[in-house]
Each structure stands twice: as structure tokens, then as C-alpha cells.
Amino acid sequence: MRPSPAVAATALSLLLFTLPQVRALDTGSRDAGPLYATSIFLPYLLYLQMPALPARNDEEGTLGVSVTQYLTNDIGVFRRVVDEVETYGTIEDFENLTIELESSYAFPQGWEAGFRTRLLYYYGGFLDGGIEAFHGLFGFPNGGREQIENSQVFIDIDNNNGVPLRQAGELLALGDSDLWLKKEISRGGGYFVSAAAAVKLPTGALSGYEIVSSGYPDFALGLLADFHSDGPFSWYAQAGATIPGEVVLPSSAEPYPFAVALLAAEFRPRSPWSLVGQLNFKTRVISGSLAHGFFTEIDRLSLPQTDLVFGLVRSGERDRLQLFFTENFLTHQGADITVGVRYSRVFPLRP
């Protein structure tokens, strides 16, 4: 169930077509985009991500509260031929239920700060059989699903960076937590630009499971831009970078610093609901020797992540509801499928 690159090209063409419509901003409701979506994909889940904060701050003196729930199904299968005998094995196979909780506060002079934490549950799940049946109905490849046992938790991702990515059996654990700070640096005529910084607190290390935390703090910087219009279209663009703590602190693991980028378009007819399409991009964080399904001479782990996120958003003056799903195309550096829901609300703390 992986969209073709033509889907991404169509979305980007739509963005280019709608950019000239950026004019005045309707301030009567919260921003619909960009889509907030942490990548529930190993190994990126171990490291700090800046999951698409809007460039525009909430109203000064307001407290924001959000809850996000993700349901992810992911599988990776390797194929090996020795003496003309074909065998298959599991790289990763699991379902993941993650809940993120976040709070933020909008300070005077364009400053906003927030804290988020997450709870992760790895389990065998129930989607494997249904996904295989869906693939069979429409003639899609199964990616080797039919060759291994269904509904298991097994992770063994060998890599050149010494990052421990192994787990067998279910687990429920507190994940890492993030602190972020954002400063609105420019606005006017329907656009907003902000700078953001974040640090990851390795609270997940308290669980004792290496699969939920690197055990080190991470650091990130980003630049965010929103472009709104008085018509039905709006744009969102972001760029930044993450420095894993192991890069600057003594460690046996050596992940790579990685760049991140985001490009999104929103279509909002005359209703509270919006349709948002988004491309999330990340450069590699580890490398290894996993052959890509299409480009068999290329290490899959060295390729960038290219996630497509599609969402339906209902935004009002004080709250926002986001329904979304994520698919990875081309590089296969993302989970097979993630679906999620996020609800946010702001509370005025000043009269």
C-alpha cells in the first residue's frame, strides 16, 4: 500500500499553483496545518523530532493542551538465497500504540514554550491478516508478509552505527520527553515565520528498554513558515536539524545528525473542515546493509525518509481536531502505515 511518486508530484504541483493566493489572514480560527505527526518508525522514534508546530503562536496568555494517539503497523522482511535455497527472515514486525501528551504556553513578545511526553506499547496486533487480504484483493505486493508469522513483536535491525534496535515480545513503557521553545520573528500580509529550538529528555531510559529511548538528550533547531490566504488554500514549510546526544557525548553508538524538512498544502472550503496533504522528509540517522526492495544495490537505511501524511482537520477558535494517516513512498524508510487522531484546545489564562 505504498503510493507512487506521482502522488507526491501532484501534491507539490498543487502547492505551486496555490502560492500566489497568499493574501490576508482570517484570524477567526486556529490554524488547520501543518499536520502534527511524529514518525513512529525505528530508528527515528529514538531521537528528537520537531513534529510540525505552526509558525503562528497561540494568543498571548493562553495555555494549550493536546493529546495525540498513533496506531502503527510495520514489517520488514529480508530474503536470502544460498545454494539456490531461498529463505526469509524478520527485520521488524510489530504494532505500536503511542499516546503523546503536550502542554504549551504563549508568552508576551512572540514567545511560546511547550512540553510533551509519550507512552509506547509494542504488541503483536490485529492488522496483519487484514492488510494481507487487502493486498491480495487488489494485487498489491505483500512485501514478504506471507513468509513470516503474523502478530508478533520482533525487532532486529542490524546497523553500522552501534544503535541497539532489538526487541522480542510485548512491552509497555514511558518514552522520551521533549521541551521546545518557539519565537515568532516575522508576520504580516498572511504569513508567519518563527524560529524553534528543542531538547529531548531521555525519560524513556528509566524503563530499561533500549527500544524506546537512546538514553541521551538530543538537540534540534528549526525554521517554520505559514502562508495563509483569504481563499481556500494555505501553505506550510519547515526546515531544521537534529543532533543526537551520542554525537557530542561519550557513547558506543554513533548515529548521524539528520536534517528535516516539511512541505504542506491545505484546502479549506467554506466550512470548519480542511484537507491537508504533507510531505515529511528526513535524512538518514543510521546506515547498514538492508537491501532496498526496488534498488537492490542500495542500502535502505542510508536513504532519506519520505513520508506522505494526509489529514482531515476541524479547526475552531479554541480547539482543533486532526484525523490523519501516514504512508511512506519510494524509500521505504517509514512505517507501513500509521493512523492517528489529535485533539488540541487552548484555555485563556488572562481576563
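As the structure is a computational prediction, the values presented were derived from the model and not from experiment. The basis for the numbers below is simple: all heavy atoms, side chains too, and nothing from hydrogens, waters or symmetry mates.
- For the pair Leu165/Asp156, no side-chain contact is recorded, criterion being any heavy-atom separation below 4.5 Å from C-beta on.
- Checked by atom type and distance alone, the side chain of Asn161 never pairs as donor or acceptor with a backbone atom of Val163 at under 3.5 Å.
- Of the possible donor and acceptor atoms, one in the side chain of Asn328 sits under 3.5 Å from a partner among the backbone N and O of Thr306.
- Using a 4.5 Å cut-off on side-chain heavy atoms (C-beta onward), Val65 and Arg345 make no contact.
- Contact check on Arg318 versus Glu59 returns a salt bridge, with a Lys/Arg side-chain nitrogen under 4.0 Å from an Asp/Glu carboxylate oxygen.
- Ring to ring, Phe233 and His228 are not that close: their centroids are 6.0 angstrom or more apart.
- Glu95 pairs with exactly one of Asn73, Val153, Asp74 by the side-chain contact (heavy atoms from CB on, under 4.5 Å) rule, that one being Asn73.
- Residues Val285 and Ile243 do not share a hydrophobic cluster, defined by chaining ILVMFWY side chains whose heavy atoms lie under 4.5 Å apart.
- Of all heavy-atom pairs between Ala52 and Gln238, the closest is CA-OE1, 3.6 Å.
- Closest heavy-atom contact between Gln322 and Pro34: OE1-O, 4.3 Å.
- Cluster partners of Leu224, using a side-chain heavy-atom cutoff of under 4.5 Å among ILVMFWY residues and allowing indirect links, are Leu53, Trp180.
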* To do: With side-chain contact (heavy atoms from CB on, under 4.5 Å) as the test, would you mind laying out the steps for Glu184 and Glu112 before giving the verdict?
  => CA-CA 8 Å; Glu184 206 173 271; Glu112 189 171 3; over 6 Å; no

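- Note that CD1 of Ile286 is 4.5 Å distant from CG of Leu301, once rounded to the nearest 0.5 Å.
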* To do: Begin with the C-alpha distance, continue with both residues' side-chain angles, and end with the deciding distance and a verdict on side-chain contact (heavy atoms from CB on, under 4.5 Å) for Glu170 and Phe94.
  => CA-CA 9 Å; Glu170 294 188 3; Phe94 61 85; over 6 Å; no

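- Residues Ile75 and Phe154 fall into different hydrophobic clusters, defined by Ile, Leu, Val, Met, Phe, Trp and Tyr side chains chained together at heavy-atom separations under 4.5 Å.
- Residues Val212 and Leu171 form a side-chain contact, since some pair of their non-hydrogen atoms from C-beta on lies under 4.5 Å apart.
- Under 3.5 Å, the side chains of Gln167 and Tyr209 contain no donor-acceptor pair of N or O atoms.
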* Apply the test side chain to side chain donor-acceptor pair (under 3.5 Å) to residues Lys182 and Ser104: give CA-CA distance (whole Å), side-chain angles for both, the deciding distance (0.1 Å), then the verdict. => CA-CA 10 Å; Lys182 183 175 62 167; Ser104 61; over 6 Å; no

* **Criterion side-chain contact (heavy atoms from CB on, under 4.5 Å) on Glu327 and Ile337, from CA distance to verdict** => CA-CA 5 Å; Glu327 278 273 9; Ile337 186 169; 4.2 Å; yes

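- Aromatic ring orientation, Phe107 versus Tyr105: perpendicular (interplanar angle above 60°, classes split at 30° and 60°).
- Taking both residues in full, the closest heavy atoms of Thr203 and Ser177 are given as OG1-OG, 3.0 Å, listed atom of the first, atom of the second, then distance.
- Atom CD1 of Ile91 and atom CD1 of Ile157 lie 7.5 Å apart (nearest 0.5 Å).
- Two different hydrophobic clusters hold Leu179 and Trp111 under the rule that ILVMFWY side chains link at heavy-atom gaps under 4.5 Å.
- How far CG of Leu48 is from CZ of Phe219: 9.5 Å, rounded to the nearest 0.5 Å.
- Linking ILVMFWY side-chain heavy atoms closer than 4.5 Å, directly or via other members, places Leu63 and Phe115 in two distinct hydrophobic clusters.
- Contact check for Ile211 versus Arg166: no side-chain heavy atoms found under the 4.5 Å cut-off.
- Nearest heavy atom pair, residue Ala106 against residue Asp58, reads CB-O, 3.5 Å.
- The closest side-chain donor-acceptor pair between Glu100 and Tyr70 falls under 3.5 angstrom.
- Within the 4.5 Å cutoff, the side chain of Tyr36 has heavy atoms near those of the Glu102 side chain.
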* Passes salt bridge (Lys or Arg N to Asp or Glu O under 4.0 Å), Arg118 versus Asp178? Steps please. -> CA-CA 9 Å; Arg118 54 190 60 89; Asp178 308 327; 3.0 Å; yes

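- Hydrophobic clustering (ILVMFWY, side-chain heavy atoms < 4.5 Å, transitive): Ile99 and Leu206 are in distinct clusters.
- Looking at heavy atoms from C-beta onward, Pro202 lies out of side-chain contact with Tyr216 at the 4.5 angstrom threshold.
- The shortest non-hydrogen separation linking Met50 to Ala196 is CE-CB, 3.5 Å.
- Put simply, OG on Ser229 and CH2 on Trp235 are 12.0 Å apart, with the number rounded to the nearest 0.5 Å.
- Lys183 contributes no side-chain N or O that, together with a main-chain N or O of Ala197, makes up a donor-acceptor pair within less than 3.5 Å.
- The distance from atom CG of Asn96 to atom OH of Tyr123, rounded to the nearest 0.5 Å, is 8.0 Å.
- Heavy-atom minimum distance, Ala335 versus Thr72: CB-CG2, 3.5 Å.
- Inter-residue side-chain proximity for Leu172 and Leu119 is flagged as met; some heavy-atom pair is nearer than 4.5 Å.
- Proximity of Asp307 to Ser39: side-chain heavy atoms (C-beta onward) are separated by under 4.5 Å at one or more points.
- Of the N and O atoms on the side chains of Ser234 and Arg268, not one donor lies less than 3.5 Å from an acceptor on the other residue.
- Looking only at atom types and distance, the side chain of Tyr44 has no donor-acceptor partner in the side chain of Thr38 under 3.5 Å away.
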Output side-chain donor-acceptor pairs under 3.5 Å for residues 250-264, partner residues at least two apart or in another chain, one line each.
unit_1, atom_1, unit_2, atom_2, d
Ser251, OG, Ala253, N, 3.0
Ser251, OG, Ala253, O, 3.3
Tyr256, OH, Ser287, OG, 3.1

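- Distance CG/Leu46 to CG/Asp218: 9.0 Å, rounded to 0.5 Å.
- We find that Lys200 and Asp176 are joined by a salt bridge, their nearest charged nitrogen and carboxylate oxygen being less than 4.0 Å apart.
- The backbone N or O of Tyr236 sits nowhere less than 3.5 Å from a side-chain atom of Asp226 that would complete a donor-acceptor pair.
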